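Only a predicted model underlies this, so the values are computations on that prediction, with no experimental measurement involved. In what follows, chains are A, B, ... by sequence order, proteins preceding strands, each numbered from 1.
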Protein chains: 2
Amino acid sequence: MGSLQDRIDQAGGPLAMLRSSQIGQYVFPVAAEWSNWRDEQEAWNNSAVLLDQSHHMTDLYIEGPDTVRLLSDFSINNYRNFGRDRAKQIVCCNEQGQVIGDAVLFGLDDCRVNVVGRPHVPNWLEYQVSRGGYDVVLDRDERTVGNLRGRRTYRFEVQGPNAWAVLEKVNGGPIEGIKFFGMGQITIAGRRVRVLKHGMAAAPGLEIWGPAHEGELVRNAILEAGREFGLIQGGGRAYSTASTESGWYASVLPAVYSDPTMADYRKWLPDNGFEAMASLGGSMISDRIEDYYILPWDAGYKFADFNHDFVGRDALLALKDEPHLKKVSLVWDNDDVVDIFRSQFNDGDQRYKFMEAPAAYYATFPFDQVTKDGRSVGFSTYVVYSSNLRRWVSLALVNENDLTDGDQVEVLWGEPNGGSNRPLVERHRQKLVKATVMPSPVPSRVREGYRPYLEMA
Amino acid sequence: MGSLQDRIDQAGGPLAMLRSSQIGQYVFPVAAEWSNWRDEQEAWNNSAVLLDQSHHMTDLYIEGPDTVRLLSDFSINNYRNFGRDRAKQIVCCNEQGQVIGDAVLFGLDDCRVNVVGRPHVPNWLEYQVSRGGYDVVLDRDERTVGNLRGRRTYRFEVQGPNAWAVLEKVNGGPIEGIKFFGMGQITIAGRRVRVLKHGMAAAPGLEIWGPAHEGELVRNAILEAGREFGLIQGGGRAYSTASTESGWYASVLPAVYSDPTMADYRKWLPDNGFEAMASLGGSMISDRIEDYYILPWDAGYKFADFNHDFVGRDALLALKDEPHLKKVSLVWDNDDVVDIFRSQFNDGDQRYKFMEAPAAYYATFPFDQVTKDGRSVGFSTYVVYSSNLRRWVSLALVNENDLTDGDQVEVLWGEPNGGSNRPLVERHRQKLVKATVMPSPVPSRVREGYRPYLEMA
């Protein structure tokens with residue numbers, strides 16, 4: 001088996017590799033729709049929704065006396081009060097302070113954690129452990145895709161303004177004593193289940209997990225309790241829009257492809273893993289892959305703890321007071337989106353890149369150029385249609401000092417030269433789309449109440 | 001277990017049952033997209049496509065000395081020259097001549113056939129056999145959904161202008177002696193495989209089947225041979241548009257729900273089968289389910305053989321010279337479709353029913369009212385976006401004497417009163433969409449060359 005580095009070399013560099021990735025459309029490995037994605041999106045804003053996260057994320061269990069030391073050495077987070085029933089949004093950087101990945105870190109016990117997310121962070125931590133020096137045991141529970149033994153846990157999310165009422169009903173009593181982004185236990189169908197408290201749409205909700213074989217029992221109990229509160233299930237298509245609507249930057253391109261000090265890591269990573277197969281798409285074209293890397297602040301992670309040593313600390317300390325990117329929502333101009341839709345009536349390549357509803361992005365890492373009056377000010381990522389906002393919206397990272405809410409910018413939609421050779425890309429033309437800068441997430445009551453894993457050190 | 005009749009009774013009649021069906025979006029049980037549905041649609045028009053039909057149709061194998069007598073008694077077709085390597089589009093009717101269903105009938109041997117399609121026809125034939133009087137053995141190979149033992153065969157379709165070149169290359173030599181809608185054998189990867197010849201886009205192609213365990217071997221051999229000819233795989237989303245583009249009326253509502261002489265059949269059918277679970281949707285509202293039934297001529301089946309006795313013969317003979325419906329394409333007005341798209345920017349229920357691309361129908365049996373100058377002239381069924389036509393097009397059945405090519409009609413898009421309670425239906429308003437009557441299928445070179453199962457007795 002070859003390595004990531006082999007594949008990079010064969011492709012002629014990481015950008016060529018990522019831009020010519022032959023992977024197809026990512027489909028969340030759950031039902032696409034339970035009812036329809038419009039109603040399912042609206043449920044998390046207006047009533048309550050059950051989202052199934054059991055399948056699409058990698059779980060890395062770490063256990064042993066050096067668990068916290070490992071995490072502390074390789075992430076920007078503060079671990080002074082970490083332990084059982086604490087959770088964090090863990091962020092790992094390379095020596096330059098560029099983000100390798102982020103994930104949710106669950107403190108299952110004082111010396112046992114679960115790292116849940118895209119594979120970037122699990123891979124990086126596993127590599128570090130493989131180099132020795134940490135007294136920990138790893139157990140990796142792969143995503144359902146490629147997991148031959150079956151997943152160990154179910155993982156549900158119950159969110160929306162009625163979520164708490166549903167959860168207290170299913171629990172048979174009040175749920176108290178769990179702080180925001182704190183963990184606890186409730187009872188569902190006679191089982192004690194562990195939970196993480198966070199929220200969507202300005203209302204608290206819970207992430208719930210337990211042994212996979214109890215998943216259907218728990219799901220059915222929640223659905224039954226939720227009926228009177230308008231709770232419905234959300235499928236993969238609605239879910240694919242949740243990160244943009246919630247303001248979570250889900251598409252970080254792992255900063256592992258170029259740093260000479262990471263050459264060993266690239267030889268350790270396989271040639272068919274996430275980092276090797278992922279795709280880069282969109283209108284932002286640079287020949288420096290570093291232009292696609294971000295720093296923690298760029299994605300809203302402002303909690304780097306410089307009172308401990310970690311990979312990237314010195315670089316981040318030096319960059320701390322420099323200008324960063326900031327996360328904003330771009331609300332796309334209705335008429336321009338209609339023009340894109342209408343262009344599908346044109347012949348041959350006289351059409352713009354099709355905007356699939358509700359999620360129109362077409363790469364693992366979508367990067368579309370954002371300009372203001374023709375000058376580059378950042379990039380736009382996942383663009384989605386939200387039935388709650390009744391608009392097409394993307395999450396963008398832009399120069400923090402260049403733009404304020406309400407500013408007009410332009411997003412260049414589509415790829416140059418008729419489009420890349422990736423399977424998802426039909427021949428098309430590029431189109432400059434006007435967009436309005438708004439806070440991320442957009443709706444005020446969401447913005448005020450939802451802090452999705454973001455500001456918790 | 002209850003029966004279909006029980007379910008009808010509980011719902012308060014067949015229309016109430018079908019209109020409140022709680023089944024979700026039908027998703028073809030294959031990859032949704034291999035590349036992207038736009039390129040996949042264009043492949044069957046411009047190069048070649050491999051479509052995987054292995055999973056979504058019911059196969060009913062019938063074997064024994066009375067096989068042809070059974071078929072002859074319960075279908076309108078002519079069996080005088082039927083036998084091994086003959087195929088037909090079998091059409092079954094009730095005593096009133098209304099269509100119960102259609103399917104493809106493969107003559108595997110002189111006394112062994114396979115009936116392939118939606119479950120209507122297999123169910124009807126199985127019921128007739130259960131009543132006795134036919135020396136046949138049935139073996140039912142259920143659709144992958146709900147098939148616990150796994151399917152017996154793979155079934156691929158290779159179509160498009162380059163299909164024949166691909167197939168002759170993979171066969172290692174010319175493919176000769178197979179008539180249109182005739183069967184034969186070719187060699188793929190060292191296996192003799194059976195084939196049915198038909199075509200799409202004015203070019204001949206083959207349907208290919210064999211033991212399920214050889215499916216991947218055969219698929220890979222075709223893909224390998226097809227590369228130089230631009231053959232790609234088509235996924236479920238592209239496939240969901242093929243019937244409209246090809247002019248096949250795929251959405252026949254089985255005429256089994258009301259006829260008093262079929263009461264026993266409704267008691268024999270289960271309460272969780274296709275006939276009980278299917279959904280009826282759209283703007284055509286009648287309180288007579290018979291208004292949703294069709295006669296064979298209406299769907300273009302003009303080959304009823306009155307020289308043999310069959311269920312429905314007398315009724316059809318009496319109706320033979322009456323005016324019928326005819327199958328047409330309706331090309332939807334671009335501006336009206338754009339209006340529907342634009343309405344998704346409106347608040348609340350001030351929007352039209354979302355048109356999902358590429359297949360916007362939202363019921364097993366979609367029936368949208370078609371009017372000309374306000375007068376009802378028929379109904380529209382599956383509406384799709386075709387990247388080949390660069391238009392939204394539906395297949396409609398309209399009064400044969402009322403309309404000619406080029407006529408302007410109106411399709412009422414959406415359901416009354418904000419929409420039914422089916423899960424697929426978000427709250428919406430109805431919209432009158434202008435449309436132009438065209439032949440079915442639309443493109444002239446398709447229309448001239450493709451006869452999809454239609455006119456073969």
Side-chain angles (χ1 to χ4, degrees), chain A residues 22-27 31-43 46 232-233 235-237 331-335 337-351 353-358 360 362 385-392 419 421-428, chain B residues 22-27 31-43 46 232-233 235-237 331-335 337-351 353-358 360 362 385-392 419 421-428:
Chain A
Q22 292 300 299
I23 60 166
Q25 180 65 47
Y26 181 74
V27 176
E33 293 173 292
W34 288 98
S35 51
N36 66 80
W37 57 258
R38 289 141 330 262
D39 286 347
E40 293 170 18
Q41 288 180 327
E42 292 184 33
N46 300 335
I232 60 174
Q233 294 196 79
R237 297 183 70 188
V331 180
W332 291 31
D333 182 77
N334 289 351
D335 290 337
V337 172
V338 168
D339 280 351
I340 291 168
F341 181 80
R342 187 186 284 279
S343 78
Q344 308 302 318
F345 298 128
N346 299 344
D347 287 334
D349 66 354
Q350 301 298 306
R351 59 182 170 184
K353 179 79 187 77
F354 186 77
M355 290 185 75
E356 188 84 53
Y362 53 97
Y385 171 79
S386 161
S387 295
N388 295 310
L389 306 170
R390 298 293 167 101
R391 289 293 183 278
W392 287 84
N421 74 340
R422 293 188 301 111
L424 296 175
V425 183
E426 74 277 12
R427 297 308 89 198
H428 67 277
Chain B
Q22 292 299 300
I23 59 165
Q25 180 64 48
Y26 182 74
V27 176
E33 292 173 292
W34 288 98
S35 53
N36 66 80
W37 58 257
R38 287 135 341 255
D39 285 347
E40 294 169 17
Q41 286 180 329
E42 292 183 33
N46 300 334
I232 61 175
Q233 294 195 77
R237 298 183 68 187
V331 179
W332 291 32
D333 181 77
N334 290 351
D335 290 337
V337 172
V338 168
D339 280 350
I340 291 169
F341 181 79
R342 187 186 284 277
S343 78
Q344 308 302 318
F345 299 128
N346 299 344
D347 287 335
D349 66 353
Q350 301 298 305
R351 59 183 170 183
K353 179 80 188 75
F354 186 77
M355 291 185 76
E356 187 84 52
Y362 53 98
Y385 172 77
S386 162
S387 296
N388 295 311
L389 305 171
R390 299 291 168 102
R391 289 293 183 278
W392 287 84
N421 74 340
R422 293 188 299 112
L424 297 175
V425 183
E426 74 278 12
R427 297 308 88 198
H428 67 276

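- Comparing B:Q22, B:Q344, B:R427 by how many heavy-atom pairs each has under 4.5 Å with chain A, the most go to B:Q344.
- Both the backbone and the side chain of B:D347 have a heavy atom closer than 4.5 Å to some heavy atom of chain A.
- Taking B:D39, B:I23, B:N334 one by one and counting their heavy-atom pairs under 4.5 Å with chain A, the maximum is reached by B:N334.
- Contacts between B:V425 and chain A at a heavy-atom distance below 4.5 Å involve the backbone alone (N, CA, C, O).
- Among the candidates A:E42, A:R351, A:Q25, the residue making the largest number of heavy-atom pairs closer than 4.5 Å to chain B is A:R351.
- Aromatic ring orientation, B:F354 versus A:Y385: parallel (interplanar angle below 30°, classes split at 30° and 60°).
- Heavy atoms of B:V27 lying under 4.5 Å from chain A are absent altogether.
- Between the A:R390 side chain and the B:G348 main chain, a donor and an acceptor come within less than 3.5 Å of each other.
- Within the 4.5 angstrom heavy-atom criterion, only side-chain atoms of A:W37, from C-beta onward, approach chain B.
- Within the 4.5 Å cutoff, the side chain of A:D335 has heavy atoms near those of the B:R342 side chain.
- For the side-chain contact (heavy atoms from CB on, under 4.5 Å) with B:N36, the lone residue among A:E356, A:E426, A:R422 that qualifies is A:E426.
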